[in-house]
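To start, the structure itself, in structure tokens.
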Amino acid sequence: MRFEIMRLDDIDGTAVDRTVVDAASVNRIVQQAAAVGQRILIRPADASAS
């Protein structure tokens with residue numbers, strides 16, 4: 001399964017960066033975001049997302 005991860009702006013919560021990763025990479029990205037206090041949104045990726 002693939003997931004879309006969006007990094008969110010600290011001020012208004014808008015997406016500033018977007019990436020699609022496999023399930024194995026999600027934990028690493030969450031850990032990195034947590035280490036620096038970065039806000040992220042994770043959702044299942046559409047089949048057409050790349």
Side-chain angles (χ1 to χ4, degrees):
M1 181 169 207
R2 297 181 63 77
F3 293 89
E4 179 180 25
I5 299 178
M6 291 178 279
R7 297 184 192 280
L8 305 176
D9 181 78
D10 289 336
I11 304 299
D12 61 9
T14 58
V16 295
D17 186 22
R18 173 189 167 275
T19 189
V20 176
V21 299
D22 60 4
S25 299
V26 172
N27 186 50
R28 176 182 49 84
I29 292 171
V30 168
Q31 293 297 324
Q32 290 173 344
V36 297
Q38 189 171 46
R39 294 170 55 194
I40 58 175
L41 172 68
I42 303 170
R43 63 183 178 188
D46 292 336
S48 63
S50 56

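Just so it is clear, the model here is predicted, and its values are computed rather than measured. Atom set for the values below is all heavy atoms of this structure, side chains included, hydrogens, waters and symmetry mates excluded.
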Going by the rule side-chain hydrogen bond (donor to acceptor under 3.5 Å, both in side chains), which residues pair with Asp10 if we only count those two or more places apart in sequence or in a different chain?
none

Residue pairs meeting side-chain hydrogen bond (donor to acceptor under 3.5 Å, both in side chains), one or both in residues 26-45, sequence neighbours left out, come to Glu4-Arg43, Arg7-Gln38

Who else is in the cluster with Leu8 when I, L, V, M, F, W and Y are joined by side-chain contacts under 4.5 Å?
Met6, Leu41

For Val30, check side chain to side chain contact (heavy atoms under 4.5 Å, CB included) against everything at least two apart and list the hits.
Val26, Ile40, Ile42

Residues that, via side-chain heavy atoms closer than 4.5 angstrom, fall in one hydrophobic cluster with Ile11:
none

Phe3 CZ to Asp22 CG distance, which is reported to the nearest 0.5 Å:
9.5 Å

The reported gap from CD1 in Ile5 to CG in Asp17 (rounded to nearest 0.5 angstrom) is 10.0 Å

